Amino acid sequence: MKKGDHLFLIDGSGFIFRAFHALPPLTRKSDGLPVGAVSGFCNMLWKLLTDARDTSVGVTPTHLAVIFDYSSKTFRKELYPEYKANRQAPPEELVPQFGLIREATRAFNLPCIETEGFEADDIIATYARAAEAIGADVTIVSSDKDLMQLVTPNVHMYDSMKDKQIGIPDVIEKWGVPPEKMIDLQALTGDSTDNVPGIPGIGPKTAAQLLEEFGDLDTLLARAEEIKQVKRRENIVANADRARLSRQLVTLKTDVPLELPLDALVLEKQDGPKLIGFLKAMEFTTLTRRVAEACDCDAGAIEAAVVKVERGETAHGPDVDKREPAVSGEAGAVASSSVATPTTVAASAGDPTPADLAAARAAAFAAQKIDHSAYETIRDLATLERWIAAAGETGLVAFDTETTSLDPMQAEFVGFSLAIADNTRAPGSTDIRAAYVPLGHRTGGEDLFSDGLKLAEGQIPMPDALAALKRLLEDPSILKVAQNLKYDYLLMKRYGIVIEGFDDTMLISYVLDAGKSNHGMDGLSERWLGHTPIAYKDVAGSGKSSVTFDRVAIDKATAYAAEDADVTLRLWMVLKPRLVAEKLTRIYERLERPLVPVLARMEERGITIDRQILSRLSGELAQKAAAFEDEIYELAGERFNIGSPKQLGDILFGKMGLPGGSKTKTGQWSTSAQVLEDLAAEGAPLPRKIVDWRQLTKLKSTYTDALPGYVHPETKRVHTSYSLAATTTGRLSSSEPNLQNIPVRTAEGRKIRTAFIASQGHKLLSADYSQIELRVLAHVAEIPQLRQAFADGIDIHAMTASEMFGVPVEGMPSEVRRRAKAINFGIIYGISAFGLANQLGIERSEAGDYIKKYFERFPGIRDYMESTKAFARENGYVETIFGRRAHYPEIKSSNPSMRAFNERAAINAPIQGSAADIIRRAMIKIEPVLAEAGLNEKVRMLLQVHDELIFEVEDEAVESAMPIIVQTMEHAAMPAVAMRVPLKVDARAAMNWDEAH
DNA sequence: CCCCAACCGTA
DNA sequence: GTACGGTTGGGGG
């Protein structure tokens, strides 16, 4: 084990206890053996492992052990014979399961540790401290308060049932004292379940208060006479020895002789067949199926293992070897080999690797021509039913909708296309059939005197088609493949259909190739199929002469629409196997695909804006801008278009002869805010007014005037559109309108936020991550000072300034802190002396000195930057802490500035991208969590702004929802990644976005 | 009508 | 110094 490794220590006894009580008590195998706790234990372990494994960065466990109590005869019993004396014997049906659970642990290929004379907690403590001493991080999987004394910046706990991480702040929040004082607190309060005596009449609240006042137990006992409350004082004085004894009992030993050294705990690959053998013997069919799917094993071909039970009994599998049911869901016949998760089981020599299969698939489709002539038009229900039945047989269908608008909130459904892989041919066949189903095409109306448009002949009635489609789209066992499925999802939702069981070729491409290209269908088709699809404008026209799709002739529509489904299916065939080959299935399935319905719902909900407020603001802005215009013309001596940088440049630097600063790349004088600010500082009156005028007109045109135009005619709300696949780093983007750049920095701009309001009886609740990117940096670069500062909740910029300039945090001049803050941001952006100098308005040499100083104080940051660049050069991409990739194909460019740019972007991407992944996880988790709390009707997530989520919450639910949202966001990285730094979320609720933020 | 450059709003 | 999207002006077709 080495620095940076991550050890997971699972409190096996705690797991058993929780598994046993969480499940119906009398789960028995067919031969009567009780296995409920074994089942619960296996499920919990599997969940933890599949959630935590397989990201390629070293932040998930590198080492793992499951630790059990050996017996109750421990040193504590000798110290205090009454210890755990009131413990009841374990329930009868649990007894035979202890041994099975140890067997289960071995079947999972995990070390199973117990030591005579010591409790599991002592072993955990010993391992935790030993690992910490090496510089590794530790996550203790347990929620037992007895273990909380072990929490440090490097040691966390994780409650896998509640999916909650426990760090220093959580301990303080729960018990009122930091982890290192937990021992004293427990010594005072005692513990009834373990029969630790403590001091009578003192509970956690009083204990925390006393420790706060006196510092620690010894001081408290020494100065007990000072306590004012008579009864309390007497109790403490009389029971001082009991407290001291209790302290001995609750103090975990950190020097237990270790059977296995830390290095022996290294996390091994799963042995699929071995685990399945055990699970079959236990008759856990669901888990057997899951494991078989994950490791791509044929469970039917694996014999149930013979498992020895304590007391000489033998348990074995059922006599009849029932074959596992065929795997349903996305494992369509066409590609059953391509959809398994990439866990485990190495291919034997000679077998094609997943990469070979993916390459072969790509080659097969690139070589095949697309034939339009075979596309069908489906005009009757019986034919449509036959196609749907065929889709049911193959379990796979590509699907595309045609509508009257690019906006899924406004679009009317006009028709849909399907493509099916013909699996009656040999496996690996590239034969595809595709068809278009016109539903809402209209004709007529060219004649001015006719009475408008009529539905074209030969179309299935919309209600019949929707009913048939609903059966197809809502059946999770038939995998629907679409390009940009969020569009179709939202459209279909508006027609009462909730798509379940889907893949999105755009998102698959994004996960595979972010940064390499964009992920539109036409581009993907060119790249992977060597085929140029029919252009939309060739079907519907463009510009003034364009028509909506319902006016397109059905035969033309068939060629276009059926081709889209055809191409989509082919792209899926090519791209999906690459996910397995490149070990990105997990990213796709956990971070990408589940977000589609979440975002669709957010877009569908929209947010209310108060048009009156905007209109009033617009008037004010117009007036103020007009006043500026008069003054500007006066100063310039003529009227001109202030909004034209070209004309403005001529006035300022030509006519008025001000000293021109920089030029833009087209040779024009730059009139950027920076240049104008500099001129203003020199004393020229005009530039300042231009800056102010620009601010006002920007606010007016981009926000107060534009936003009302986005209010939906029916919902009366504004529905933005999120793109999942627009950025290289994993961030979302928002457009039409962009609600991720609503002003906040200036007082004038913030007024716009007051127009974003909650509906009647609701509040807007804004929850935002505090300093998430710096926290991610502290995590990935493992910077001790940063980690400590975040663990202690210290002002991070002040800490940086203090480290760099030797100025104490107390009474620090704001300018010093401001510089440190700029440096911190610079680091995240892949710092350059040029950029930092620009930002701070200082000489480049001075900025260079700052950077040098910074790297001296935080050498880990330089190491991180260098190793990230090296990784990017080596691989052409970088990764977030969850394993999402961002590609930088130009990183080796011979152009130095291009290369430097790519290096900075590559340094930034893991930080920005990891933060983006964390909030994605929070968004995916939040709805189920709220539903569990019974709040899903009362709390609606509306917006995401990179590190902020905005909800609309019923008034009476605000109080209960807020902590749930905060918790979920703060622990969103878990269990995939155990952050070495706590995440902090601030939340506020108010009538409008300005006050809530 | 389309595209690009400049500018500026956000994290 | 990172990542975006929208508006305007202005040039070209």
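The structure displayed is predicted, hence computed values, not measured ones. First the proteins, then the strands, lettered A, B, ... as listed; each starts at 1.
Every residue two or more places apart in sequence or in another chain that forms a ring-ring contact (aromatic ring centres under 6.0 Å, His included) with Tyr850(A) is listed here: Phe805(A). Residues satisfying the salt bridge (Lys or Arg N to Asp or Glu O under 4.0 Å) criterion with Arg819(A), sequence neighbours excluded, are Glu815(A), Glu846(A). Listed by chain and number, the residues in a ring-ring contact (aromatic ring centres under 6.0 Å, His included) with Tyr588(A) amount to none (sequence neighbours excluded). Remark: His719(A) pairs with His712(A) by the ring-ring contact (aromatic ring centres under 6.0 Å, His included) rule, at least two apart or across chains. A search for ring-ring contact (aromatic ring centres under 6.0 Å, His included) contacts involving Tyr877(A) returns Phe871(A), His887(A), not counting sequence neighbours. Residues passing the salt bridge (Lys or Arg N to Asp or Glu O under 4.0 Å) test with Arg775(A), sequence neighbours excluded: none. Looking at residues two or more places apart in sequence or on another chain, you find a salt bridge (Lys or Arg N to Asp or Glu O under 4.0 Å) between Glu631(A) and Lys689(A).
The main-chain N or O of Asn484(A) is found under 3.5 Å from a side-chain atom of Asp504(A) such that the two form a donor-acceptor pair. Checked by atom type and distance alone, the side chain of Gln740(A) pairs as donor or acceptor with a backbone atom of Gln944(A) at under 3.5 Å.
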Atom pairs, protein N/O to nucleotides 2-6 of chain C N/O, distance under 3.5 Å:
residue, atom, partner, partner atom, Å
dT2(C), OP1, Arg904(A), NE, 3.1
dT2(C), OP1, Arg904(A), NH2, 3.2
dT2(C), O2, Gln912(A), NE2, 3.3
dA3(C), O4', Gln912(A), OE1, 3.3
dA3(C), O4', Gln912(A), NE2, 2.9
dC4(C), OP1, Thr728(A), N, 3.3
dG5(C), OP1, Ser733(A), OG, 2.9
dG5(C), O4', Asn738(A), ND2, 2.9
dG6(C), OP1, Glu736(A), N, 2.8
dG6(C), N2, Lys698(A), NZ, 3.2

Distances under 3.5 Å between protein N/O atoms and the N/O atoms of nucleotides 11-13 of chain C, please, pair by pair.
none

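Residue contacts for Ala837(A): at a heavy-atom cut-off of 4.0 Å it reaches no nucleic acid atom on any strand shown. Among the heavy atoms of the strands, none lies under 4.0 Å from Glu948(A). Note on Ala916(A): nothing from the nucleic acid sits closer than 4.0 angstrom, heavy atoms only. Across all strands shown, Arg694(A) has heavy atoms under 4.0 Å from sugar-phosphate atoms exclusively, and none from any base. Backbone-only contact: Gln695(A) has heavy atoms under 4.0 Å from sugar-phosphate atoms and none from a base.
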Starting from the C-alpha separation in whole Å, work towards a yes-or-no answer on side-chain hydrogen bond (donor to acceptor under 3.5 Å, both in side chains) for Asp705(A) and Ser618(A). CA-CA 7 Å; Asp705(A) 290 353; Ser618(A) 183; 2.5 Å; yes
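Ring pair Phe549(A)/Tyr536(A) is parallel by interplanar angle, where below 30° counts as parallel and above 60° as perpendicular.
Within residues 840-870 of chain A, no residue has a heavy atom under 4.0 Å from DNA chain B.
Under a 4.0 Å N-O distance rule, the pair Asp692(A)/Arg694(A) does not qualify as a salt bridge.
Nucleotides of DNA chain B lying under 4.0 Å from heavy atoms of chain A occupy a range whose first and last members, 5' to 3', are dC1(B) to dA11(B).
Between the CG atom of Leu699(A) and the C1' atom of dT8(C) there is a distance of 15 Å, given to the nearest Å.
Taking OG1 of Thr720(A) as the start and CD of Glu736(A) as the end, the distance is 8.5 Å to the nearest 0.5 Å.
One side chain, Gln912(A) or Thr729(A), offers a donor N or O that lies under 3.5 Å from an acceptor on the other. No hydrogens or angles considered: a donor-acceptor pair under 3.5 Å links the side chains of Glu948(A) and Ser766(A).
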Could you summarise the pairing of DNA chain C as dot-bracket text, marking Watson-Crick and G-U pairs under 3.5 Å with ( ) or [ ] inside the strand and | across strands? .|||||||||||.
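In summary, the aromatic rings of Trp993(A) and Phe756(A) are positioned with their centroids under 6.0 Å apart.
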